[in-house]
Structure formats: structure tokens, C-alpha cells
Amino acid sequence: MVLTSVMEHHSNDLPWRASANTIHVGLTQDGQLNIEEFDAKLAQYANRVALVAITGASNVTGFINPISSLAEKAHSVGAQIVVDCAQLAPHRKVNMRSLDDPKHLDYVTISGHKMYAPLGTGALIGRRDTFERGDPDLTGGGTVEIVTINDVVWAEPPDREEAGSPNTVGAVALAAAIKQLEALGMDTVAEHETKLTTYALEKLSRIPKLNIFGDKDPKDTENRLGVIPLDIEGIPHFLGAAILGYEFGIGVRSGCFCAHPYILHLLKLTPNEAKAVRDSMLAGDKSDMPGLMRASFGLYNTFEDVDALVEAISRISNNEYRGEYIQDGATGEYTPKGWHPNYEDFFSHSMME
Ligand SMILES: Cc1ncc(COP(=O)(O)O)c(C=O)c1O
């Protein structure tokens, strides 16, 4: 059995559902992990939980989970813990601790594209004894010592878990990105992002028609990441994001951020409302897809960037934008009227010459 939560990115939820009985811990009203419920479910299923799978920080609200304490609780019932650090690791120090510390993390995952490295690279860091046991998850070239027609001797970890030709360039780039973050110092990174988040929340909270989700308190930014989910009243999230991009050159993500159950919780959709949306989406119409916009800060962002975001959102919320936008019902996304770039042109012979 795997104990996970409703705030997970799908990547720390769906794989467990496919391979184990998966129990989801619920959330508080504002979207934090409900620790009382975590404790109760851990106690309820104590002897059956093999793994606790929890995010280190949410990619939707920036909430940071108390991973050391959750680890200690997991170990107390004989379970192991995997912490999804895709969102946490680029912004805060992560200490896995040694295996003899009850608060240690058994496994940690990181994702290259979230830490200034290319897409398609990541790492699962974990206890050697697990990877020495049994057969590899994926088998193929590079995973073996010896193969005969009747027998296979697996290589030592990590090789036995890395089937196929590796993404060497991605791995080198990820290592370089991590070294760069370490050189800057994670405390410096955290301090900068905390100041930006405080500044942003102070200013954003003054925009009348803007709803901020999760923790809105500008004084509490040391305990969360600079990820701010937003909704402008009367402006669908896909439209708001399109205007920010096309007219203001500001990239925010919009939609459900690969965390559908979490978004339904934050938006407080009733089961009937959720069903109605699901039905229309399955019928090919995503025009009313629930979701939010999400502004998030990296170490390259500045206070001027925040000013630009606040100014742009204020204007949009007052309907002071220039373009006329057309929605594509199949994706829900908006583009400016008349915006028809022909991407094939970019690959035509005349462009290549
Ligand atoms: C919290 C969190 N977990 C997992 C992922 C998924 O990482 P990947 O796309 O590398 O599988 C992301 C974002 O992409 C994320 O924000």
C-alpha cells in the first residue's frame, strides 16, 4: 500500500495507482496537507503501508511539507518514504540525512527542467539496498553484467536501473545546474525568492478583482515557495495567461498544472460540478476547464519583474487590454484574432537557406 496525498503532481500519484493500493491523504481548506488525517491514515493502515509518497513542495501553491517529520512517522510504522523534490530542490536545501537517522528520506526525486537544466532529465536518488534487490524496473542494454540464453546477471546499481542509451548531455547539464545552484548557495536563492514573494503578495493583494489561492500572507513567505496561484474575476485562466503572454511578454502557466485533484480542491468544486466539467471535456469541449494561472519565481527574477506582473494583472482585471482573443474549444486556449503563424514556414527550404 502507498500513502500519498491529494496535493501531488500526477507524477507522484498515477504511477503508484498503477502498481499498488493507493490511499490519498486529504487537505486543509487552503490546500495544505492535513497532518491529522495523515497521522490517522498512517495509524489505520500501519502494517500495510510500504511507502509514503509525498511532495516536498507543491508546484501549485508552493506549500512546503514537513518532510523530516513525515519521514519519522513513516519509519515508525515500518514504511519507507519517497519525497518528490521536483519543486522543492531548486529553491531550498534538501537534507536526506543518513539512514540511521529516523528522519531520513529513503528516496528523493528531482527533475532537470525545474532546476535550470534541459527537459527529459531527472534523478531518483535512493537507498542502494533497494536497487540491489530483485530485477530492474526497466530492462535492456546497459543493465547487465552477463547474459546467456538462459540466464541474466544484473549489473550493480545504478547501471542496472538505467536501461538504454543514456541522456548523457542532459545528465551533464543537470550536474552543472546543481553545481551552479550550490555555488550561489541555496540560502541565497531562498532569501532572494522569499523577498520577491513577499513583495509580490503585498502588491497583488491590493488588486481588487484578483483572488490569490493557498497562503496569501506576505509575512509567511519563508515557509512556502514563490509559486502563486491566481484567478482574475471574470477572466478565464486560459485568457488571462494568453493576454499576459501576447501583450505583456509575461509567461505564466495556466490550467491544472498536472494536479487535477488538487485544483478541484482549491476551487472547491462540488462532485456534481466536477462531473459536469469532466463530461464536457470528454465530449471534446475544454472551454470551461477549471484551472488557475500560476506566477512563479526563479533565481533570475527581479523586483521589476514583479512590478511588471502586478501592472499587467491590474490592467487585465480592468479590461484594459488591447487584443481580441479567440478560444479554441478543443484545448481551451486563447490566441489573438488573426494570429495564424504557419510553423511549417520555419522549416521550409527558403528559411533554411
Ligand atoms: C512537484 C512536481 N513533481 C513532478 C514533476 C514532474 O517532473 P517530470 O516532468 O520531470 O516528470 C513536476 C513538474 O514537472 C513537479 O512540479
Side-chain angles (χ1 to χ4, degrees), residues 2-19 22 24-25 27 31-33 51-67 70 81-94 96 105-126 137-138 161-164 166-167 169-175 177-178 181 189-190 193 197 213-215 223-230 241 251-266 291-299 301:
V2 174
L3 193 64
T4 185
S5 85
V6 177
M7 74 194 293
E8 303 304 313
H9 188 282
H10 295 156
S11 60
N12 194 30
D13 177 351
L14 304 187
W16 307 122
R17 294 193 204 182
S19 54
T22 304
H24 292 82
V25 176
L27 310 172
Q32 299 193 58
L33 184 70
L51 187 70
V52 169
I54 287 288
T55 194
S58 162
N59 64 310
V60 177
T61 50
F63 278 130
I64 297 178
N65 280 326
I67 47 179
L70 299 178
I81 185 165
V82 55
V83 182
D84 170 3
C85 287
Q87 182 67 50
L88 183 64
H91 306 284
R92 290 286 193 282
K93 237 182 233 165
V94 178
M96 286 188 76
L105 310 181
D106 297 281
Y107 314 94
V108 155
T109 57
I110 55 171
S111 181
H113 73 278
K114 305 273 306 194
M115 42 204 316
Y116 314 105
L119 291 158
T121 314
L124 166 61
I125 304 146
D137 199 24
L138 282 177
E161 297 291 345
E162 295 184 347
N167 178 357
V169 174
V172 170
L174 177 55
I178 292 171
L181 280 166
V189 169
E193 292 178 6
T197 311
F213 287 75
D215 187 355
N223 302 316
R224 50 88 55 86
L225 300 183
V227 178
I228 308 180
L230 303 164
V252 295
R253 184 147 170 220
S254 79
C256 293
F257 319 113
C258 302
H260 292 190
Y262 196 20
I263 293 293
L264 294 189
H265 174 86
L266 290 173
L292 293 166
M293 298 190 301
R294 179 188 68 187
S296 54
F297 304 123
L299 52 90
N301 283 117

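Heavy atoms only: backbone and side chains are in, while hydrogens, waters and symmetry mates are out. When a ligand or atom number is given, it counts from 1 through the structure's own listing order.
Summarising the geometry of Phe297 relative to Thr197, their closest heavy-atom pair is CD1-OG1, 3.8 Å, with the distance given to 0.1 Å.
The nearest heavy-atom contact from the protein to atom 16 (O) of ligand 1 is Lys114 NZ, 2.9 Å. Atom 4 (C) of ligand 1 has Ser11 OG, 3.0 Å as its closest protein atom, hydrogens excluded (heavy atom only). For atom 3 (N) of ligand 1, the nearest protein heavy atom (residue, atom name, distance) is Asp84 OD2, 2.6 Å. Protein heavy atom nearest atom 15 (C) of ligand 1, with residue, atom name and distance: His9 CD2, 3.3 Å.
Residues Leu33 and Met7 are in side-chain contact: their nearest non-hydrogen atoms beyond the backbone lie under 4.5 Å apart.
If you number the atoms of ligand 1 from 1 as listed, the ones under 4.0 Å from a heavy atom of Ala86 come out as 2 (C), 3 (N), 4 (C), 5 (C), 12 (C), 15 (C). Less than 4.0 angstrom separates some heavy atom of Ser111 from each of these atoms of ligand 1: 7 (O), 8 (P), 10 (O).
In terms of N/O distances under 3.5 Å, ligand 1 is approached by His113.
The main-chain N or O of Gly112 is never found under 3.5 Å from a side-chain atom of Thr121 such that the two would form a donor-acceptor pair. Although no hydrogens or angles enter the test, the distance criterion places no donor-acceptor pair under 3.5 Å between the side chain of Ser111 and the main chain of Lys114.
The protein reaches atom 7 (O) of ligand 1 closely, with a heavy atom under 4.0 angstrom from it.
Among Glu193, Met115, His113, the single residue meeting the side-chain contact (heavy atoms from CB on, under 4.5 Å) criterion with Pro90 is Met115.
Side-chain atoms of Asp13 and Thr4 include no donor-acceptor pair closer than 3.5 Å.
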